Amino acid sequence: MKKLLIFALASSSFLISDLSHAAQPQNASYPSNEVSVTNKDLIVDKTKGTATKSPNTIKYDAFMKAGYAAYNKKDYKTALSNFKSALELRPNNVYAVKAIQNTEKRLAGK
């Protein structure tokens, strides 16, 4: 699991060509002329022209990927644990909820 999180952290930065549509900062700890937070998933650095996934998004993505990998290997207990961890990071997330439902069906033998 640690390797998956490290990989997700290493690959979470990408370039943005146009920052004119970036949302205004929602977190006062970031200088408004340099960084803005968009929809809580991306942190946009206006000075570098880059956007980075938020730490919460990176963790959510890693748990969901690990859950799907375990599900595909028919390791439903591990999959369920990962999907529940993802749901804790994003309560009521449709994808995590559906993955949990599907995994619980498999565990029940349906």
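It should be emphasised that the depicted structure is a prediction, and the values quoted were computed from it without experimental measurement.
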Taking all atoms of both residues into account, what is the closest heavy-atom pair of Ala70 and Ala79, and its distance?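 Between these two residues, the closest heavy atoms are CB-N, 3.6 Å.
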Looking at Ala96 and Tyr60, what are the two nearest heavy atoms and their distance?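 Nearest pair, atom of Ala96 first, then Tyr60: N-OH, 4.3 Å.
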Test log, rule side chain to side chain contact (heavy atoms under 4.5 Å, CB included), inputs Asn82 and Met64: CA-CA 6 Å; Asn82 281 298; Met64 291 299 289; over 6 Å; no
Tell me, please, which residues at least two apart from Glu88 pass side chain to side chain contact (heavy atoms under 4.5 Å, CB included).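 Partners of Glu88 by the side chain to side chain contact (heavy atoms under 4.5 Å, CB included) criterion come out as none, since no residue qualifies.
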[X] [atom1] to [Y] [atom2] distance, which is reported to the nearest 0.5 Å:
{"X": "Ile43", "Y": "Thr52", "atom1": "CD1", "atom2": "OG1", "answer": "7.0 Å"}
{"X": "Arg106", "Y": "Gln101", "atom1": "CZ", "atom2": "CD", "answer": "14.5 Å"}
{"X": "Asp61", "Y": "Arg90", "atom1": "CG", "atom2": "CZ", "answer": "6.5 Å"}

[X]: what forms a side-chain hydrogen bond (donor to acceptor under 3.5 Å, both in side chains) with it, not counting sequence neighbours?
{"X": "Asn102", "result": "none"}
{"X": "Tyr76", "result": "none"}
{"X": "Ser81", "result": "none"}

Keeping to residues at least two apart or across chains, list the ring-ring contact (aromatic ring centres under 6.0 Å, His included) pairs with something in residues 83-110.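 Every ring-ring contact (aromatic ring centres under 6.0 Å, His included) pair that includes a residue of residues 83-110, provided the two are not neighbours, is Tyr68-Phe83.
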Greater than 12 external heavy atoms within 6.0 Å of Asn92's CG: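 Counting other residues, nucleotides and ligands, CG of Asn92 stays at 12 neighbours or fewer.
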With a 3.5 Å cut-off and no angle check, do the side chains of Asp45 and Thr47 form a donor-acceptor pair?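 The criterion, which ignores hydrogens and geometry beyond distance, is satisfied for Thr47 and Asp45.
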Give a yes or no answer on whether the side chain of Thr103 reaches the backbone of Ala99 with a donor-acceptor pair at less than 3.5 Å.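 A pair under 3.5 Å: yes.
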Show your working on side chain to side chain contact (heavy atoms under 4.5 Å, CB included) between Leu80 and Leu107 and close with a plain yes or no. CA-CA 9 Å; Leu80 185 61; Leu107 283 169; 3.7 Å; yes
Val97 vs Leu87, test: side chain to side chain contact (heavy atoms under 4.5 Å, CB included). Steps then yes/no. CA-CA 7 Å; Val97 168; Leu87 187 62; 3.7 Å; yes
